[in-house]
Amino acid sequence: MHALRRWWHDTAGGLPATFWYLWAGLLINRAGAFAMLFLSLYLTDVRGASEGLAGTVVGAYGAGGAAGVLLGGVLADRWGRRATLLAAHLATVGLMVALAFTRPLLLIAVLSALIGVVHSMPSPAFVAAIVDVVPAERRSRAFNLQFWAFNLGMAVASLLAGVLAEASFTALFLVDAGATLTAAAVIAWKVPETLRLARPAADPPPATAAPKSIRTRRPGLHTALTDRTFLVFVGLTFVLAVLTMQTSTIMPLAMRADGLGPSAYGLVVALGGALIVVGQLFVPRLIDRHRKDVVLAASTALLALGFGALAIADELAIYLGAAVVWTVGSMLAAPPNAQINADLAPPQLRARYQSVFYLTFPAAAFVAPTLGGVSLQHLGDRHWLIVGGLGLLAALGHLLAGPSRERHVAALRRVVDPEPATPADRVPTG
């Protein structure tokens with residue numbers, strides 16, 4: 001029993017109650033975000049769209065997502081985290097209900113693009129709010145739980161989506177809207193505005209002591225886009241995202257070439273999801289005593305080795321073994337990756353920095369299949385050696401960039417560390 005209590009403390013102890021309400025809202029949001037998973041099937045099977053047109057509409061959703069993540073970051077720093085979350089969730093409800101009953105394909109395309117915008121807006125606000133209320137020494141476990149909730153929610157969404165899609169696509173969209181409304185209700189009821197906790201210090205040290213990223217008269221989105229230390233980190237995260245995207249973009253093609261069918265691919269993906277759901281809660285005790293750059297280097301190297309091993313894969317057992325390796329890498333990478341991203345952001349620009357960071361994922365979703373398909377077609381199994389080599393270079397990049405990144409973070413903390421919260425600002429812990 002003592003060991004169980006110690007594990008729970010190391011995994012989830014000492015986190016503010018507001019974090020847990022944010023966590024619950026995220027879990028409900030992701031568990032109910034299943035309608036767009038079946039958008040292409042809905043368009044072709046129900047609305048009679050061609051595959052090309054369906055792909056264009058799905059692409060519009062993705063383009064909206066890229067715009068939405070930037071918009072969400074700016075609004076979360078201006079309006080506030082809570083206001084942005086509520087606006088995005090309520091807009092999603094209305095658009096999803098409209099999509100359920102819309103028939104013209106052009107209008108469906110417009111609605112899909114708008115849903116892409118409002119679906120992506122909450123991401124920077126969620127993370128910025130977590131950083132606002134969770135003390136720095138506990139953020140690793142908070143981000144670990146966030147990653148776990150996201151994947152658990154996606155697993156639930158995948159199961160529910162298949163059942164609902166077979167019954168009624170209209171029901172699929174309406175239940176999605178209902179889940180989003182439930183998440184909005186949790187946020188409206190229990191999550192206070194946290195932006196006030198991110199105010200800069202009243203009397204900072206001289207500007208010459210500050211990192212270049214915060215020596216600006218009018219800080220804004222351009223500050224993140226010109227912060228070299230941050231952009232190096234974003235670039236390394238982009239490589240990690242490209243590696244991770246291989247699972248859903250290029251690997252299915254490789255498995256088909258090896259004579260393995262959709263059921264085999266489903267088994268590999270399911271194994272990865274199961275490992276995350278079961279094992280992610282044990283990650284904090286493994287990594288908390290190690291430097292974040294070392295953990296990221298090791299995790300990226302595991303991703304590289306896992307995908308590189310597919311160069312010799314020709315049967316399901318090898319794919320399953322490789323999936324274990326790269327999934328462990330993803331699990332180890334999630335907390336320090338999010339924590340470094342939070343540490344590099346000046347408090348008044350937290351959501352904007354998050355929005356730039358989150359752009360790596362739609363960018364990787366475009367690059368991975370576009371270049372990966374050509375690479376697999378012309379290079380065959382050597383494609384996986386290139387992917388593995390790219391991952392190992394990124395692992396080395398984390399080791400090289402780590403020390404200067406830590407110095408940058410230390411300087412930023414000395415200059416813009418938030419004032420201690422007043423008694424009225426303090427958030428109870430759960």
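Values in this document were obtained by computation on a predicted structure and should not be read as measured data. Values reported hereafter were calculated over all heavy atoms of this structure, with side chains retained and with hydrogens, waters and symmetry mates removed.
More than 12 heavy-atom neighbours from other residues, nucleotides or ligands sit within 6.0 angstrom of CZ on Arg103. For OH of Tyr21, the number of neighbouring non-hydrogen atoms (other residues, nucleotides, ligands) closer than 6.0 Å is 12 at most.
Of the candidates Asp227, Val127, Leu225, Tyr353 forms a side chain to side chain contact (heavy atoms under 4.5 Å, CB included) with just one, namely Asp227.
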Show, in sequence, the C-alpha distance, side-chain angles and deciding distance for Asn341 and Gln354, and conclude whether the side chain to side chain donor-acceptor pair (under 3.5 Å) test is met. CA-CA 7 Å; Asn341 184 36; Gln354 290 294 330; 2.9 Å; yes
For the pair Asp77 and Gln348, evaluate side chain to side chain donor-acceptor pair (under 3.5 Å) and give the outcome as yes or no after the intermediate values. CA-CA 7 Å; Asp77 280 337; Gln348 68 271 30; over 6 Å; no
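Taking a cutoff of 4.0 Å between a charged side-chain nitrogen and a carboxylate oxygen, Asp132 and Arg350 qualify as a salt bridge.
If you check the side chains of Asn151 and Gln280, you find no donor sitting under 3.5 Å from an acceptor.
Using bins of under 30°, 30° to 60° and over 60° for the plane-to-plane angle, the ring pair Tyr42/Phe173 lands in the perpendicular bin. Using cut-offs of 30° and 60° on the angle between ring planes, the pair Trp20 and Trp23 is perpendicular.
Panel note: side chain Trp326, backbone Leu302; no donor-acceptor pair is recorded below 3.5 Å.
The line from CZ of Phe233 to CG of Asp293 is 11.0 Å long, rounded to the nearest 0.5 Å.
Between His119 and Met96 there is a side-chain heavy-atom pair separated by less than 4.5 Å.
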